Student: 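Sharing a structure here in structure tokens format.
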There are 2 protein chains.
Amino acid sequence: MTQRKVISFETIRVACKNCTLSQLCLPMGMSPEDVDRLDSIVKRSRPLHRGDHLFRSGERFRSLYVVKTGSVKTYTPSEEGGEQVLGFHLPGEIIGLDAIDQDCHACSAKVLETSAICEVPFQRFEELAASIPSLQHSMFRLLSKEIGHDAEMLLLLGKKNAEERLAAFLVSMSQRLSKRGLSPTDFYLSMSRHEIGNYLGLAVETVSRLFTRFQDEGLVKVDRKHVEILDLGTIESLAGTAQAAGSRKHSN
Amino acid sequence: MTQRKVISFETIRVACKNCTLSQLCLPMGMSPEDVDRLDSIVKRSRPLHRGDHLFRSGERFRSLYVVKTGSVKTYTPSEEGGEQVLGFHLPGEIIGLDAIDQDCHACSAKVLETSAICEVPFQRFEELAASIPSLQHSMFRLLSKEIGHDAEMLLLLGKKNAEERLAAFLVSMSQRLSKRGLSPTDFYLSMSRHEIGNYLGLAVETVSRLFTRFQDEGLVKVDRKHVEILDLGTIESLAGTAQAAGSRKHSN
DNA sequence: AACCCAGGTTGACATGCATCAAGGGTAAAT
DNA sequence: ATTTACCCTTGATGCATGTCAACCTGGGTT
């Protein structure tokens with residue numbers, strides 16, 4: 001159990017109140033005492049490693065998970081190894097929300113790189129939420145935000161072409177990383193081309209070709225997982241309902 | 001204000017406790033007294049008619065809406081009249097959940113046929129939820145369910161072909177209608193082919209051709225908006241990750 | 001150092017569905 | 001009853017992107 005380099009426990013035992021993610025995470029607008037109460041139910045485990053699962057499809061739902069460092073992908077495994085990637089989750093983002101309804105996980109969550117994850121036992125959380133109105137409100141907002149995000153993805157998959165999809169993906173990564181103080185134009189992708197393609201509803205080859213094309217056009221510089229965005233403005237305009245040259249999108 | 005035929009007010013003034021939808025809607029597992037409290041904040045307006053809006057994108061968020069009879073579509077209007085249909089909402093289903101986060105509606109909701117709608121002022125609802133644990137739980141589940149449903153749509157749009165999409169649409173309609181006691185195999189669609197196509201990420205023509213093909217294959221009988229499902233089993237198998245003849249789906 | 005192998009790239013080709021175009025049926029408006 | 005307008009259907013064509021195949025590349029292993 002200890003064969004891997006153990007990362008200093010200090011980096012794990014940071015409480016909610018000191019957490020730099022607290023504004024992204026749940027404790028928005030809570031009193032210090034209430035943050036302590038929330039803190040007391042949150043479990044912090046040792047770091048997880050690439051390939052580890054937070055949970056698997058079909059398992060009983062017990063906890064929500066918050067990414068503290070690293071990244072996680074969620075996906076629905078279908079028969080015969082096929083899968084649909086539902087999302088990539090960066091620090092401050094919450095995983096497992098879709099399982100509350102059925103009390104059972106419909107998707108699996110796999111760690112993409114060494115990551116620290118907070119676990120929030122849901123039953124205790126619900127009790128807490130009932131007694132802390134601002135926590136209940138945060139949770140409603142969080143769930144709602146997820147629904148809004150899904151709606152954006154529906155639009156992406158339903159109406160956008162390959163170019164727009166990849167541009168939107170890059171913009172999303174850029175925005176989410178910069179929100180936590182990292183460079184919006186220089187970052188490493190923790191997921192493979194395969195996973196990106198799956199997520200965006202594209203073949204791996206299409207993703208690869210688009211990266212190459214964006215690079216040829218001077219929009220990005222790509223070296224394996226390392227992405228430098230050279231012209232964020234143009235990529236943003238591609239990601240919107242930008243009229244891709246010569247391709248009026250259907251208005252169905 | 002009274003130029004249209006007024007539908008008997010009795011049909012509108014039904015309280016939550018008598019509502020046949022109460023098991024689909026919010027008051028799952030609430031005590032009679034608590035249902036009364038919920039009932040007291042719910043507003044029931046006169047019936048709305050085809051084309052009326054519950055709310056429009058950009059408007060301040062104030063209330064959730066529950067379809068009591070009829071049907072509603074939600075969609076994100078984009079520049080130049082293009083739009084993405086996000087969903088069709090049948091009796092018992094709740095609309096506006098995505099607006100909680102931003103406190104502002106990101107999509108519009110338009111009534112597809114004469115419909116009765118319950119309005120639930122959200123602020124008062126939240127106060128109530130904080131004092132009724134089972135109501136808070138119902139709400140968490142409801143939001144979660146919506147997220148789970150969106151994930152299914154992501155899979156549909158990301159991985160399924162046209163045939164599978166339309167089959168899935170028919171199965172979904174069938175299941176939702178039968179859940180409220182209507183025929184699972186004989187119903188009227190309240191939305192146009194255009195709207196179905198938009199929702200499924202397909203061109204109108206494709207939807208039309210598929211209806212024709214399903215009919216030729218003896219799976220359904222279609223006459224304009226009237227659909228009779230003749231072979232639900234086969235349609236269900238098409239809707240799943242059925243291997244459409246001669247088209248191994250990519251496993252990206 | 002040589003090997004291995006998963007992940008990535010690139011090219012050639014195939015195809016599902018969008019697009020374009022035209023015509024017919026149905027329901028509301030005059 | 002006639003007109004109008006929309007919705008739906010059907011056929012012909014083109015294109016974006018999936019599929020197949022080959023090769024490259026870098027990181028890890030023996």
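Per chain, numbering begins at 1; letters A, B, ... match sequence-line order. Everything numeric here is computed off the predicted structure, so don't read it as measured data.
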Student: Is a donor-acceptor contact shorter than 3.5 angstrom present between the side chain of B/Arg209 and the base of D/dG11?
Tutor: yes
Student: Looking only at side-chain N and O atoms, does B/Thr206 come under 4.0 Å of OP1 or OP2 in C/dA18?
Tutor: yes
Student: Would you indicate, yes or no, if D/dC8 has its OP1 or OP2 atom less than 4.0 angstrom from a side-chain nitrogen or oxygen of B/Lys225?
Tutor: yes
Student: Between C1' on C/dC17 and CG on B/Leu157, what's the gap in Å once rounded to a whole number?
Tutor: 15 Å
Student: Determine yes or no for a side-chain-to-main-chain donor-acceptor pair under 3.5 angstrom, with A/Glu93 supplying the side chain and A/Leu90 the backbone.
Tutor: yes
Student: Would you mind reading off the distance between A/Met191 atom CE and C/dG7 atom C1', rounded to a whole angstrom?
Tutor: 15 Å
Student: Side chain of B/Val204 only, please: which of C/dT19, C/dC17, D/dT9 is the nearest?
Tutor: D/dT9
Student: What is the distance from CZ of B/Phe214 to C1' of D/dC8, rounded to the nearest Å?
Tutor: 17 Å
Student: Between D/dC7 atom C1' and B/Phe211 atom CZ, what is the distance in whole Å?
Tutor: 13 Å
Student: Classify the nucleic acid contact of B/Ser192 as base, sugar-phosphate or nothing, counting any heavy atom under 4.0 Å across all strands shown.
Tutor: sugar-phosphate
Student: Using the six-membered ring wherever Trp is involved, compare the ring planes of B/Phe55 and B/His105 and label them parallel, tilted or perpendicular (cut-offs 30° and 60°).
Tutor: parallel
Student: Side chains of A/Ile229 and A/Ser174, heavy atoms from C-beta outward: is any pair under 4.5 Å?
Tutor: yes
Student: Just by modelled atom types, is the B/Ser71 backbone N or O under 3.5 Å from a matching donor or acceptor in the B/Ser115 side chain?
Tutor: yes
Student: Quick one: B/Glu163 CD to C/dC17 P, roughly how many Å, whole number?
Tutor: 9 Å
Student: Take the protein atom CG of A/Asp223 and the nucleotide atom P of C/dG7, then report the distance between them rounded to whole Å.
Tutor: 17 Å
Student: Want to settle it: does A/Glu205 or B/Arg193 sit nearer the 5' end of DNA chain D, counting the closest nucleotide to each?
Tutor: B/Arg193
Student: From C-beta outward on B/Arg224, which listed nucleotide comes closest to its side chain: D/dA12, C/dT9, D/dC8?
Tutor: D/dC8
Student: Whole angstroms only, please: what is the CD1-P distance between B/Ile196 and C/dC17?
Tutor: 17 Å
Student: What is the distance, rounded to the nearest whole Å, between atom CG of B/Asn161 and atom C1' of D/dT19?
Tutor: 15 Å
Student: More 5' along DNA chain C: B/Val207 or A/Thr212, using each one's nearest nucleotide?
Tutor: A/Thr212
Student: Please verify the inter-ring angle class for B/Tyr188 with B/His226; under 30° counts as parallel, over 60° as perpendicular, anything in between as tilted.
Tutor: parallel
